[in-house]
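Reckoned from all heavy atoms, side chains included, excluding hydrogens, waters and symmetry mates. By convention in this document, chain letters (A, B, ...) are assigned in the order of the sequence lines, proteins followed by strands, and residues within each chain are numbered from 1.
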Amino acid sequence: MTEFTKRAVQIIASIPPGRVMTYGQVAALAGSPRGARQVVRILHSLSKPYKLPWHRVINAKGKIGLPDRDAMTLQKMLLEGEGVAVSEAGEIDLERYRHQPNRF
DNA sequence: ACCCTGACTTGGC
DNA sequence: GGCCAAGCCAGGG
């Protein structure tokens with residue numbers, strides 16, 4: 001496991017309920033602005049063992065990237081359960097829910 | 001080791 | 001604002 005992966009895991013795990021982050025944002029904070037795809041891999045392979053809040057990680061368009069309709073519905077359900085509004089199309093208001101670890 | 005693929009992002013039309 | 005093309009990085013076959 002690379003350092004980047006470890007950092008990404010920490011970052012994802014630190015996203016509080018009711019907040020979301022984009023793949024690119026996580027990647028950037030973990031030290032690799034172009035590592036969004038690796039973040040995706042992390043969610044695929046490590047979300048289970050590390051119990052990561054995968055549902056709080058979405059793409060830059062503010063939408064759920066999941067190809068599976070069922071999984072998307074689950075994610076929508078989980079987020080709404082935390083107070084995040086998700087449209088039927090799986091869209092989220094990033095400006096409103098984006099988690100910003102080092103905001104001043 | 002090489003090639004393909006992906007829960008991505010950004011820039012241009 | 002939506003669709004297409006190229007860039008990027010790692011894991012898996």
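Side-chain atoms of A:Gln25 come within 3.5 Å of backbone atoms of A:His99 as a donor-acceptor pair (strictly under, hydrogens ignored). In this structure, A:Asp70 contributes its side chain and A:Thr73 its backbone to no donor-acceptor pair below 3.5 Å.
Secondary-structure stems of DNA chain C, taken as three or more successive Watson-Crick or G-U wobble pairs (i with j, i+1 with j-1) under a 3.5 Å distance threshold, comprise B:2-6 with C:9-13, B:8-13 with C:2-7.
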Name the atoms and distances for all side-chain donor-acceptor pairs under 3.5 Å in residues 42-57 of chain A, with sequence neighbours left out.
residue, atom, partner, partner atom, Å
A:Ser45, OG, A:Arg41, O, 2.9
A:Ser47, OG, A:Leu43, O, 2.6
A:His55, NE2, A:Glu82, OE2, 3.2
A:Arg56, NE, A:Glu82, OE1, 3.0
A:Arg56, NE, A:Glu82, OE2, 3.2
A:Arg56, NH1, A:Ile15, O, 2.7
A:Arg56, NH2, A:Glu82, OE2, 2.7

Show me the side-chain donor-acceptor pairs of residues 29-37 of chain A shorter than 3.5 Å, one per line, residues at least two apart or across chains.
residue, atom, partner, partner atom, Å
A:Ser32, OG, A:Gly35, N, 3.4

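Listed by chain and residue number, A:Leu66, A:Asp68 satisfy the side chain to side chain contact (heavy atoms under 4.5 Å, CB included) test with A:Ala71 (two or more places apart in sequence, or in another chain). Taking A:Lys61 as the reference, nothing meets the salt bridge (Lys or Arg N to Asp or Glu O under 4.0 Å) condition, with sequence neighbours excluded. Scored by the side chain to side chain contact (heavy atoms under 4.5 Å, CB included) test, A:Glu88 finds A:Lys76 as partners (sequence neighbours excluded). Taking A:Ser87 as the reference, A:Ala89, A:Glu91 meet the side chain to side chain contact (heavy atoms under 4.5 Å, CB included) condition, with sequence neighbours excluded.
Of all heavy-atom pairs between A:Ile64 and A:Gln75, the closest is CG2-OE1, 2.7 Å. Here the closest heavy-atom approach between residue A:Ala60 and residue A:Leu94 is recorded as O-CD1, 3.5 Å.
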Study note, to complete from the structure: The contact string for nucleotides 7-13 of chain B, one letter per nucleotide 5' to 3', using protein heavy atoms under 4.0 Å with B, S and - for base, sugar-phosphate only and none, comes out as BBSS---
Tabulated below should be each protein N or O lying under 3.5 Å from an N or O of nucleotides 11-13 of chain C; please produce it.
residue, atom, partner, partner atom, Å
C:dG11, O4', A:Arg41, NE, 3.1

